[in-house]
Amino acid sequence: FAFDPLLRRLLVLAPHQADHRKTWPGESNCLKTLDQALSDFTELRAGPDGLLSLRCIRLGRDQDTLFRSSRSWVSLTPYRATRHAKASSATAALVADILLECARARLPRPEVEVLDWRAESRQGLSGRLRLRFAVAVPGPVILGRTRQLGGGLFAAEL
């Protein structure tokens with residue numbers, strides 16, 4: 001799951017999309033089951049946050065800043081480092097961490113610009129980043145420790 005704060009969308013992504021890989025053998029059946037389960041998913045009860053109405057929107061990949069191909073990507077939700085190198089600066093730690101995450105996600109090595117950062121007790125190091133790749137990279141780009149919880153979501157810059 002990922003939340004797009006700009007367009008106020010809840011995205012449900014298949015694991016192979018977020019990992020930039022082909023589907024594994026047998027995964028196609030699971031994806032069909034997921035598609036069927038989501039077909040009538042129109043309400044989300046969010047406890048004290050209330051009842052959210054949901055609808056399915058399918059945009060073309062070239063129209064959507066989360067899915068198009070781009071050489072430049074900027075974080076929409078905070079990127080949270082998977083580990084913090086204690087001996088380096090916060091900026092250097094974020095850069096080193098995202099380079100490892102890009103390699104893990106099968107993305108080319110980007111040039112990284114740290115736009116801002118913060119360190120919080122028990123939350124770790126997080127920041128807003130801009131990634132510039134030598135070649136266009138297709139979305140979605142979701143990286144970091146909270147990538148499974150909606151964090152580390154990047155949007156293509158035009």
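Keep in mind that this is a model prediction, so the values were computed, not measured. The first residue of the sequence shown is numbered 1, and numbering continues consecutively from there.
With sequence neighbours left out, R118 forms a side-chain hydrogen bond (donor to acceptor under 3.5 Å, both in side chains) with no residue at all. When the side chain to side chain contact (heavy atoms under 4.5 Å, CB included) test is applied to A14, the partners found at least two apart in sequence or on another chain are H16, Q17, L31. With sequence neighbours excluded, the residues that form a side chain to side chain contact (heavy atoms under 4.5 Å, CB included) with A105 are L107, L143. Residues forming a side chain to side chain contact (heavy atoms under 4.5 Å, CB included) with L38 (at least two apart in sequence, or on another chain): V12, L34, F41. Scored by the side chain to side chain contact (heavy atoms under 4.5 Å, CB included) test, T42 finds no partners at all (sequence neighbours excluded). Taking the side-chain hydrogen bond (donor to acceptor under 3.5 Å, both in side chains) definition, one finds that R132 meets it with E113, sequence neighbours left out. By the side-chain hydrogen bond (donor to acceptor under 3.5 Å, both in side chains) test, R80 pairs with no residue at all, sequence neighbours left out. Checked against salt bridge (charged side-chain N to carboxylate O under 4.0 Å, His left out), R45 has the following partners two or more places apart in sequence or in another chain: E43.
Between the side chain of T65 and the main chain of A155, no donor-acceptor pair closer than 3.5 Å is present. In this structure, R145 contributes its side chain and G152 its backbone to no donor-acceptor pair below 3.5 Å.
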**Q.** Worked check of side chain to side chain contact (heavy atoms under 4.5 Å, CB included) between L66 and L76
**A.** CA-CA 10 Å; L66 300 181; L76 283 181; 3.6 Å; yes
Q: Would you check, one step at a time, whether the test side chain to side chain contact (heavy atoms under 4.5 Å, CB included) holds for F67 with L13?
A: CA-CA 11 Å; F67 294 94; L13 301 168; 3.6 Å; yes
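Note: L94 CG to L129 CG = 6.0 Å, rounded to the nearest 0.5 Å. Here W117 contributes atom CH2 and S89 contributes atom OG; the two are 8.5 Å apart, rounded to the nearest 0.5 Å. To the nearest 0.5 Å, atoms CH2 (W73) and CG (L153) are separated by 9.0 Å.
Under a 4.5 Å side-chain heavy-atom cut-off, the cluster of Ile, Leu, Val, Met, Phe, Trp and Tyr residues that includes V74 is completed by L115.
Contact of the L100 side chain with the T82 side chain is not registered, since no non-hydrogen atoms from C-beta on lie closer than 4.5 Å. The shortest distance between side-chain heavy atoms of T77 and F3 does not fall below 4.5 Å. Residues L51 and L44 have side chains not in contact (no heavy-atom distance under 4.5 Å, counting atoms from C-beta outward).
Around the CZ atom of R109, the shell of radius 6.0 Å holds no more than 12 heavy atoms that belong to other residues, nucleotides or ligands.
Minimum heavy-atom separation, F133 to P110: CE2-CB, 3.5 Å. Taking both residues in full, the closest heavy atoms of G151 and I142 are given as O-CG2, 3.6 Å, listed atom of the first, atom of the second, then distance. The two residues R9 and D64 make their nearest non-hydrogen contact at NH1-OD2, 2.6 Å. Smallest separation of non-hydrogen atoms from S28 and T23: OG-OG1, 4.1 Å. When all heavy atoms are compared, the tightest approach of L131 to C102 is CD1-SG, 4.4 Å.
Applying the salt bridge (Lys or Arg N to Asp or Glu O under 4.0 Å) definition to pairs two or more places apart or across chains, those involving residues 146-158 are D19-R147, R130-E157.
Screening K32, R21, K22 for a salt bridge (Lys or Arg N to Asp or Glu O under 4.0 Å) with E27, the sole residue that qualifies is R21.
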Can you give me every donor-acceptor pair (side chain of residues 134-141, partner residue at least two apart or in another chain, under 3.5 Å) with its distance?
none

